[in-house]
Number of protein chains: 2
Amino acid sequence: MIGAGNLATQLGIALAEKGHQLVQVWSRTQKSAKELASKLKCPYTTDISLISSNTDIYIIAVVDTAIESVLSKRNWNDTLVVHTAGSTPMSILAKYCKNFGVFYPFQTFTIAKKVVFDQVPICIEANSAHNLDVLKELAQSVSQNVKLFDSAQRQQIHLAAVFACNFVNHLYAIGEELLHEKGIGFEILKPLILETAAKIVEQSPASSQTGPASRNDQITMDKHLALLNSHPELKNIYKEFSDRIIQTHKKL
Amino acid sequence: MIGAGNLATQLGIALAEKGHQLVQVWSRTQKSAKELASKLKCPYTTDISLISSNTDIYIIAVVDTAIESVLSKRNWNDTLVVHTAGSTPMSILAKYCKNFGVFYPFQTFTIAKKVVFDQVPICIEANSAHNLDVLKELAQSVSQNVKLFDSAQRQQIHLAAVFACNFVNHLYAIGEELLHEKGIGFEILKPLILETAAKIVEQSPASSQTGPASRNDQITMDKHLALLNSHPELKNIYKEFSDRIIQTHKKL
């Protein structure tokens with residue numbers, strides 16, 4: 001396991017739990033290498049040239065910007081090498097490896113929160129049918145939701161996730177900030193946030209939009225804009241989103 | 001129950017299930033009045049002057065913009081009248097009623113999806129201690145999560161919800177749109193959306209932000225912006241949100 005961040009940690013734990021032998025952890029920093037190695041009960045190194053060759057697969061789970069630097073630092077011989085990044089094409093591996101692919105678990109990972117991998121979509125791609133079979137078997141051992149996508153599709157999936165996950169989380173943070181300003185705890189928003197997410201399992205989000213903009217309730221929107229006078233950036237977001245929702249509902 | 005929309009429907013069902021007698025449904029349109037009345041097993045009317053006086057409480061669950069029009073159309077005598085709106089102050093009732101308050105279930109409601117009221121925060125406010133007690137008892141009969149807030153606090157709570165629920169849902173719709181463009185089903189986003197919401201139960205959203213902007217990964221952000229060339233509005237949202245996330249993480 002090359003990397004010891006959020007994804008490396010959760011993927012490593014899931015693989016170990018399914019009986020895969022984690023051979024070694026590499027990380028740039030001793031602290032994080034040691035922490036993950038202890039969770040995975042395997043040795044670690046911080047020296048990329050000392051990575052064990054005794055493995056069936058190298059999983060590169062570092063930030064996108066570090067993938068090429070890791071790739072260039074050793075000879076990978078015939079061993080299968082995968083990266084785990086949404087927006088980095090598989091072709092980045094071709095210059096450095098003979099057998100390669102992508103193993104992209106499509107989920108949000110943090111070190112502290114354990115992820116149940118069972119339903120996590122794992123998007124795989126490989127440079128040969130044989131390597132794809134190997135990745136498919138590995139992916140199916142941790143998830144029932146294995147998908148084949150090429151690099152262009154995977155990048156679009158990642159882009160959609162930035163909106164539907166990363167930016168969503170930022171909206172949660174804005175909600176928290178607005179409540180804290182008036183001394184109200186974030187607690188009160190939690191049932192609403194969970195229900196809003198739960199709704200999309202059954203209904204398309206475009207058709208289940210609620211709120212003042214979906215009703216074109218200009219009076220409530222004006223009240224909200226007035227409350228945001230001291231937050232010009234939020235006021236701007238409020239206008240943009242409300243306009244988009246009003247336009248979408250006209251089309252429906 | 002005055003109104004027969006999303007909130008009136010779900011609140012009416014929850015009250016009926018807890019053994020409260022729903023006396024009558026009013027709605028402007030016969031179709032929606034009839035539909036809700038049949039769910040609540042009570043009569044209905046579309047004539048506001050024909051609303052039964054034989055009730056302990058009138059619940060006005062119409063859109064904010066229609067509240068005052070409903071209030072002006074009859075004499076409410078001494079009976080307790082509440083509205084259910086987040087951003088309409090309680091004071092709107094003072095001109096028309098002697099006993100009044102607000103009963104605001106803080107959740108997103110759609111007619112088709114049943115809501116488990118048990119943990120839904122119900123924000124109450126009343127013009128007297130006695131009326132507050134009545135509303136507290138009613139609220140506690142359907143939810144364990146009853147909160148006292150004044151109209152200014154309630155409006156801020158509603159504003160926070162527009163960001164953390166309504167705009168969040170719009171981001172889900174954007175994610176869906178981006179996937180459909182490349183022929184990919186929305187299904188793949190569902191586990192991610194559910195996990196992103198589930199995370200905030202344990203972690204503050206500001207501290208659990210993930211994604212390219214939280215890592216200040218300019219290369220991935222540039223790739224995504226290039227993919228959005230044909231969507232100038234989405235490109236704009238992408239830039240704004242990424243900048244805000246980068247700034248927030250500098251402060252942390």
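The model shown is predicted, which means the values in this text are computed figures rather than measured ones. We name chains A, B, ... by the order of the sequence lines, and we start the count at 1 in each one.
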Among [options], residue most engaged with chain A (heavy-atom pairs, under 4.5 Å):
options	answer
B:L178, B:T196, B:L192	B:L192
B:A152, B:G86, B:S87, B:C123	B:S87
B:T65, B:N145, B:I174	B:I174

Winner by heavy-atom pair count (cut-off under 4.5 Å) against chain B, out of A:I193, A:I188, A:N236, A:V115: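 Between A:I193, A:I188, A:N236, A:V115, the count favours A:I188.
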For chain B, the option from A:E177, A:K113, A:R244 that forms the most heavy-atom pairs under 4.5 Å: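 Among A:E177, A:K113, A:R244, the one with the most close pairs to chain B is A:R244.
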Please classify the contact between [X] and chain A as side chain, backbone, both or neither, with a heavy-atom cut-off of under 4.5 Å.
X	value
B:Q107	both
B:I157	both
B:T220	side chain
B:V162	side chain
B:K147	side chain
B:E181	side chain

Heavy-atom check, side chain of [X] versus side chain of [Y], under 4.5 Å:
X	Y	answer
B:L228	A:L159	yes
A:D217	B:V63	no
B:H170	A:T248	yes
B:K199	A:C165	no
B:H158	A:K223	no
A:I200	B:N169	yes
A:K190	B:Q119	no
A:L171	B:F241	yes

Atom CD of A:E187 with >12 non-hydrogen neighbours under 6.0 angstrom: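 12 or below, so no.
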B:K235 NZ: over 12 foreign heavy atoms closer than 6.0 Å: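 Count over threshold, so yes.
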Proximity breakdown for A:L189 and chain B, heavy-atom pairs closer than 4.5 Å: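 A:L189 touches chain B through backbone and side-chain heavy atoms alike.
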Proximity breakdown for A:F186 and chain B, heavy-atom pairs closer than 4.5 Å: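 Side chain only.
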Residues from residues 5-14 of chain B approaching chain A under 4.5 Å (heavy atoms):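 Counting heavy atoms that sit under 4.5 Å from chain A, no residue of residues 5-14 of chain B is involved.
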Donor-acceptor contact below 3.5 Å, side chain A:K182 vs main chain B:Q153: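 Absent.
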Mutual orientation of the aromatic rings belonging to B:F167 and A:Y238 [parallel < 30°, tilted 30-60°, perpendicular > 60°]: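 Taking A:Y238 first and then B:F167, their aromatic rings stand perpendicular (interplane angle over 60°).
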Quick one: pull up [atom1] in [X] and [atom2] in [Y] and give me the separation to the nearest 0.5 Å.
X	Y	atom1	atom2	value
B:R154	A:I184	CZ	CD1	11.0 Å
B:E240	A:I237	CD	CD1	5.5 Å
A:E195	B:F106	CD	CZ	12.5 Å

Residues in residues 208-215 of chain A near chain B [non-hydrogen atoms, under 4.5 Å]: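 Only A:S208, A:Q209, A:T210, A:G211, A:P212, A:R215 of residues 208-215 of chain A have a heavy atom under 4.5 Å from chain B.
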Nearest non-hydrogen partners of [X] and [Y], listed with the distance:
X	Y	value
A:P121	B:P191	CD-CG, 3.8 Å
B:A164	A:Y172	O-CE2, 3.8 Å
B:G175	A:A160	O-CB, 3.7 Å

